[in-house]
Amino acid sequence: MYCTRKINDDYTWVGADCRRLAMFEGVYDVPQGISFNSYLLTDEKTVLFDTVDSAVRHTFRENLTHALAGRELDYVVVHHMEPDHAAELADLLRDYPQTQVLCSAMAKTMIGQFFGPELAGRITVIKEGETLSTGRHTLHFVAAPMVHWPEVMLTYDATDKLLLSADAFGCFGALNGGLVDSQINCDEFWLEMVRYYSNIVGKYGTPVQNALKKLSGLQINYICSTHGPVWHENIDRVVKLYDRMSRYETDPGLVICYGTMYGNTERAAEVVAAAASRAGLKDIVMYNVSKTHHSYIIRDVFRYRGLIVGAPTYNAGLYHEMEVLLSELAGKDIKNHCMGWFGSYAWAGKAVAKIKEWNDTRLHYEAVGTPVEIRQSLDASTHAACEALGRDMARRLLG
Ligand code: FEO
């Protein structure tokens with residue numbers, strides 16, 4: 001049975017919420033679920049914008065059937081070919097044999113790669129700046145390559161001043177009844193927008209800046225992303241948030257994350273944090289890398305300029321969970337950050353050297369303070385060195 005939601009007279013949400021999926025992309029936990037948004041424009045022509053993940057295909061189809069109310073589907077616009085939005089495309093085209101696909105040239109190639117060559121005759125390639133009149137509405141197509149895949153394009157409806165933005169401005173978290181931000185309490189979405197952006201789009205700051213420049217001259221009353229609420233009251237806030245994150249602008253806060261096997265490295269982290277606090281730093285967050293998924297740590301690295309990591313030596317290398325975090329951070333190409341580090345060992349120290357190697361070769365953050373190497377557990381000398389590390393980082397962040 002259908003559960004559609006209206007944005008206005010002509011736009012209907014025909015997507016689906018999902019609270020059964022444990023891990024989005026097989027990587028990111030979604031404790032509050034996730035929405036896969038698809039929108040239908042009903043004008044003289046009918047236009048569907050994106051499909052959904054196969055996990056919610058039945059709900060999507062019921063919604064689409066209801067919203068079409070017996071009409072043909074004239075077009076499906078494919079903004080983005082990642083399967084959480086395009087998985088249902090081939091089945092949709094099979095069941096709606098009159099429907100034409102509008103997409104970028106690269107999306108057309110990807111459709112062939114995902115679904116085979118049979119759909120090629122149904123596809124019209126859209127170029128940057130082209131328009132489509134559907135009757136009352138005029139749609140403008142805007143290329144947004146590498147936000148966050150190369151084929152991505154956006155649609156601006158100049159009639160309703162409505163932007164269909166693909167993943168941009170999206171967030172984790174299912175919709176809980178409402179759709180437009182003015183209908184709902186958005187508190188739970190803000191940090192989840194940062195987590196979504198930082199982990200999934202965050203590597204592509206320059207392409208995001210390019211897209212924002214293209215959109216800057218447009219009057220926009222609604223932003224319809226493929227995940228999360230439709231933004232209406234909070235457009236200024238979400239655009240500023242994207243602008244800031246894509247410039248890698250941060251607050252003077254500190255993320256301290258550590259691996260610990262028996263608590264010795266954790267105690268060192270506490271000493272570092274207390275020293276940073278005594279030096280006047282207020283925004284300090286601490287994470288045990290074995291207990292907190294790296295997506296939450298990366299979210300906070302996008303919020304705070306300082307990072308201090310600490311880990312034991314393990315198998316003559318770096319504690320595995322810290323290795324995973326540093327690898328994920330390196331993949332994001334995060335700029336304008338400061339980093340300090342410490343490590344522990346039982347009989348042969350490697351962790352400190354390995355963390356330095358990560359920073360020298362992949363992260364390229366500004367090194368702050370003197371790294372601390374701890375044998376077994378803190379003594380008076382390493383305790384003082386951890387205090388100095390926390391203090392030096394706080395001073396650097398506070399200027
Ligand atoms: Fe929501 Fe890039 O897919």
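Just so you know, ligand 1 is whichever comes first in the structure, and atom 1 is the first atom listed for that ligand.
D84 has its closest N, O or S atom to atom 1 (Fe) of ligand 1 at the position named OD2. When distances from atom 2 (Fe) of ligand 1 to the N, O or S atoms of H80 are compared, NE2 comes out shortest. Restricting H227 to its N, O or S atoms, the one at the least distance from atom 1 (Fe) of ligand 1 is NE2.
A cation-pi arrangement is absent between R375 and Y345, since the terminal nitrogen or guanidinium carbon is not both under 6.0 Å from the aromatic centre and inside a 45° cone about the axis.
Of the N and O atoms on the side chains of E366 and H337, not one donor lies less than 3.5 Å from an acceptor on the other residue.
The angle D167:OD2 - atom 2 (Fe) of ligand 1 - H148:NE2 amounts to 90°, with values rounded to 10 degrees.
In this structure, F169 has its ring center closer than 6.0 angstrom to the ring center of Y242.
Residue contacts to atom 1 (Fe) of ligand 1: E82 brings no N, O or S atom closer than 2.8 Å.
For R71, there are no side-chain hydrogen bond (donor to acceptor under 3.5 Å, both in side chains) partners, not counting sequence neighbours.
Aromatic ring pairs are classed by plane angle as parallel below 30°, tilted from 30° to 60° and perpendicular above 60°; the pair Y196 and F24 is tilted.
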